[in-house]
Visitor: 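Submitted below is the structure of interest, expressed as structure tokens.
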Amino acid sequence: MGFAMAIDGPAGAGKSTIAKMVAKKLGLTYIDTGAMYRAVAYYMYSNGVDTGNEQLVGEKCNDIDIVIEYIDGAQQVILNGENITSHLRDEAVGKLASTVAKMAAVRAKLVELQRKLASESRIVMDGRDIGTCVLPKADVKIYLDASVEERAKRRYKELTEKGVDCLIDIIRLDIEERDYEDMNRDISPLKQARDAILVDSSDMSIDEVVDKICSIYEESLS
Ligand code: DC
């Protein structure tokens, strides 16, 4: 029988880390929808498409074929036959992703792919509009949040550990800007679905959040 868990929330709330761990614990397939928006952004960027021209981006969407595969349980994004997964976390790609994610043609294409993937196995899917738009009938809906301050601290730690020189004030501004863009766009803005359970991870460890979501899953079965 199919099963779908939707995890939505703002950038940096820990959705992908948590969703991956929850999927492993519960034997579900993890689907990262942000990676799909990033893949579209990567295509536009590497083909020199003017992302200020929404009609052109829409037309170019017809040239894009995205296939999702798994290597040792890790999601791989295959764009027109090429595995581009290693390029998707670049800051430039992330910024452009939030621009293309506002466009109707991009969302229509990716939502169709996401619904198809969800119908094929028992899944945990994370994103911004999974509980509100992609899978409104998901069995479990989580809205994973954390304060801007906490998200900025986590991102700063992650980057400095990688040896990246950065300023926490700039990171905080970037997070606020991305929240604004995600929450205020016309199509499928980020918001908590009415039937989603809010999990605020600001003062929780990763393991505590995973345990909390797994217990919500168990309760949903009873
Ligand atoms: O979660 P992420 O940072 O990988 O997402 C990249 C961008 O895609 C981000 O600006 C929000 C957008 N996105 C979206 O609009 N809808 C989704 N379901 C997933 C991501």
Side-chain angles (χ1 to χ4, degrees), residues 6-24 30-42 44-46 51-52 74-75 77 84-103 106 124-132 141-186 188-193 196-213:
I7 303 184
D8 290 302
K15 292 185 303 295
S16 57
T17 305
I18 304 288
K20 252 181 241 164
M21 291 171 74
V22 167
K24 197 162 183 206
Y30 168 54
I31 302 174
D32 170 3
T33 63
M36 301 175 196
Y37 289 93
R38 286 169 182 264
V40 171
Y42 177 78
M44 301 303 163
Y45 177 73
S46 46
T51 49
Q75 177 178 297
V77 181
I84 54 149
T85 313
S86 64
H87 301 290
L88 298 181
R89 302 308 303 175
D90 294 353
E91 288 294 308
V93 173
K95 279 217 162 119
L96 208 53
S98 79
T99 301
V100 299
K102 289 184 202 146
M103 300 179 180
V106 174
V124 175
M125 184 178 278
D126 80 347
R128 304 293 191 284
D129 61 337
I130 311 307
T132 51
K141 294 183 188 176
I142 306 290
Y143 189 83
L144 185 61
D145 209 350
S147 66
V148 172
E149 201 51 45
E150 184 56 33
R151 285 184 283 141
K153 269 195 219 155
R154 290 177 191 169
R155 184 79 184 128
Y156 178 76
K157 185 167 178 279
E158 192 186 324
L159 288 171
T160 47
E161 277 171 6
K162 277 191 203 157
V164 179
D165 202 13
C166 55
L167 290 170
I168 193 152
D169 289 345
I170 304 285
I171 293 176
R172 190 186 304 106
L173 280 176
D174 194 50
I175 287 177
E176 283 171 346
E177 203 178 300
R178 210 165 290 185
D179 282 358
Y180 184 84
E181 293 214 2
D182 289 344
M183 292 173 180
N184 291 285
R185 65 176 177 229
D186 293 337
S188 306
L190 168 66
K191 63 172 186 227
Q192 184 178 342
I197 297 172
L198 173 66
V199 177
D200 187 331
S201 72
S202 304
D203 298 316
M204 292 168 85
S205 69
I206 291 175
D207 286 338
E208 283 171 339
V209 177
V210 171
D211 287 348
K212 168 96 188 150
I213 295 178

Visitor: Testing the basics here: between L144 and S201, what is the closest heavy-atom pair and its distance to 0.1 Å?
Guide: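 For L144 versus S201, the nearest heavy atoms are CD1-CB, 4.1 Å.
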Visitor: Apply the side chain to side chain contact (heavy atoms under 4.5 Å, CB included) test between M36 and each candidate in L88, V106, I31; give the one that qualifies.
Guide: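 Single pass found, and it is I31.
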Visitor: Taking all heavy atoms of P189 and all of N184, pick out the closest pair and write down the distance.
Guide: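 Closest heavy-atom pair between P189 and N184: CB-N, 4.5 Å.
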Visitor: Ignoring hydrogens and angles, tell me if any N or O in the side chain of T85 forms a donor-acceptor pair with the backbone of V77 under 3.5 Å.
Guide: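 Yes, T85 side chain to V77 backbone: donor-acceptor pair under 3.5 Å.
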Visitor: Working to the nearest 0.5 Å, report the span between CD of Q75 and OG1 of T33.
Guide: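 One gets 8.5 Å once the value is rounded to the nearest 0.5 Å.
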Visitor: CE of M103 to CE of M44: how many Å apart, nearest 0.5 Å?
Guide: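 Result: 8.5 Å between the selected atoms.
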Visitor: Give me the atom names and distance for the closest heavy-atom approach of M204 to D200.
Guide: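 M204 and D200 have their closest heavy atoms at SD-O, 3.3 Å.
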Visitor: Measure the spacing between CG of D203 and CD of E208 and express it to the nearest 0.5 Å.
Guide: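 The CD atom of E208 is 9.5 Å from CG of D203, to the nearest 0.5 Å.
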Visitor: Could you tell me whether the side chain of I170 reaches within less than 4.5 Å of the side chain of Y156, counting heavy atoms only?
Guide: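 The answer is no; the side chains never approach within 4.5 Å.
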Visitor: Look up atom CD in E181 and atom NZ in K95, then write down how far apart they are to the nearest 0.5 Å.
Guide: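 Interatomic distance, E181 CD to K95 NZ, rounded to 0.5 Å: 9.5 Å.
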Visitor: Is a donor on one side and an acceptor on the other found under 3.5 Å between the side chain of Q192 and the backbone of Y143?
Guide: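 No; judged by distance alone, with no hydrogens or angles, the pair does not exist.
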Visitor: Tell me, yes or no, whether the heavy-atom count around K102 atom NZ, taken from other residues, nucleotides or ligands under 6.0 Å, exceeds 12.
Guide: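 Atom NZ in K102 is crowded, with more than 12 foreign heavy atoms closer than 6.0 Å.
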Visitor: Of all the heavy-atom pairs spanning L159 and C166, show the shortest one and how long it is.
Guide: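 For L159 versus C166, the nearest heavy atoms are CB-SG, 3.8 Å.
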Visitor: Using 4.0 Å as the upper bound for N to carboxylate O, is an ion pair formed by R151 and D179?
Guide: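 Yes, this pair counts.
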Visitor: Mind running side chain to side chain contact (heavy atoms under 4.5 Å, CB included) on Y30 and D126 for me, showing each step along the way?
Guide: CA-CA 8 Å; Y30 168 54; D126 80 347; 3.1 Å; yes
Visitor: Are R178 and D174 packed together at the side-chain level, in the sense that at least one heavy-atom pair is separated by less than 4.5 angstrom?
Guide: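 Yes. Closest side-chain heavy atoms under 4.5 Å.
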Visitor: From I130 CD1 over to I142 CD1, what is the distance, rounded to the nearest 0.5 angstrom?
Guide: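 Spacing of CD1 (I130) from CD1 (I142) equals 13.5 Å.
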Visitor: Using a 3.5 Å distance criterion without hydrogens, assess whether the side chain of D90 forms a donor-acceptor pair with backbone atoms of A92.
Guide: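 It does not hold such a pair.
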Visitor: Show me, pair by pair, the donor-acceptor contacts under 3.5 angstrom made by side chains of residues 10-23, not counting sequence neighbours?
Guide:
| from | atom 1 | to | atom 2 | distance (Å) |
| --- | --- | --- | --- | --- |
| K15 | NZ | G9 | O | 3.0 |
| K15 | NZ | P10 | O | 3.0 |

Visitor: Could you point out which residue of R155, R154, R172 forms a salt bridge (Lys or Arg N to Asp or Glu O under 4.0 Å) with E149?
Guide: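 Running salt bridge (Lys or Arg N to Asp or Glu O under 4.0 Å) over R155, R154, R172 with E149 returns exactly one hit, R172.
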Visitor: How close do S202 and S147 get, counting heavy atoms only, and between which atoms?
Guide: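 Heavy-atom minimum between the residues: OG-N, 2.9 Å.
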Visitor: Strictly distance-based, threshold 3.5 Å: is any side-chain N or O of D8 a donor or acceptor partner for the main-chain N or O of D129?
Guide: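 Here the side-chain-to-backbone pair exists.
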Visitor: If you count the non-hydrogen atoms of other residues, nucleotides and ligands that lie under 6.0 Å from CG in L173, is the total more than 12?
Guide: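 More than 12 within 6.0 Å, yes.
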Visitor: Among all residues two or more places apart in sequence or in another chain, which pass the ring pair (Phe, Tyr, Trp, His ring centres under 6.0 Å) test with Y42?
Guide: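 By the ring pair (Phe, Tyr, Trp, His ring centres under 6.0 Å) rule, Y42 matches H87.
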Visitor: Should the pair E161-K157 be classified as a salt bridge under the 4.0 Å nitrogen-to-oxygen rule?
Guide: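 The answer is yes: the pair qualifies as a salt bridge.
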Visitor: Please enumerate all residues that pass salt bridge (Lys or Arg N to Asp or Glu O under 4.0 Å) together with R38, with sequence neighbours excluded.
Guide: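 Listed in chain order: nothing, the list is empty.
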Visitor: Using every non-hydrogen atom in the two residues, find where G131 and A6 come nearest and quote the distance to one decimal.
Guide: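 Shortest heavy-atom contact: N-CB, 3.8 Å.
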Visitor: For D182 and S98, what are the C-alpha separation, side-chain angles and deciding distance, and is it a side chain to side chain contact (heavy atoms under 4.5 Å, CB included)?
Guide: CA-CA 7 Å; D182 289 344; S98 79; 4.3 Å; yes
Visitor: Between the side chains of S205 and D207, does any donor sit under 3.5 Å from an acceptor?
Guide: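 Absent: no donor and acceptor within the cut-off.
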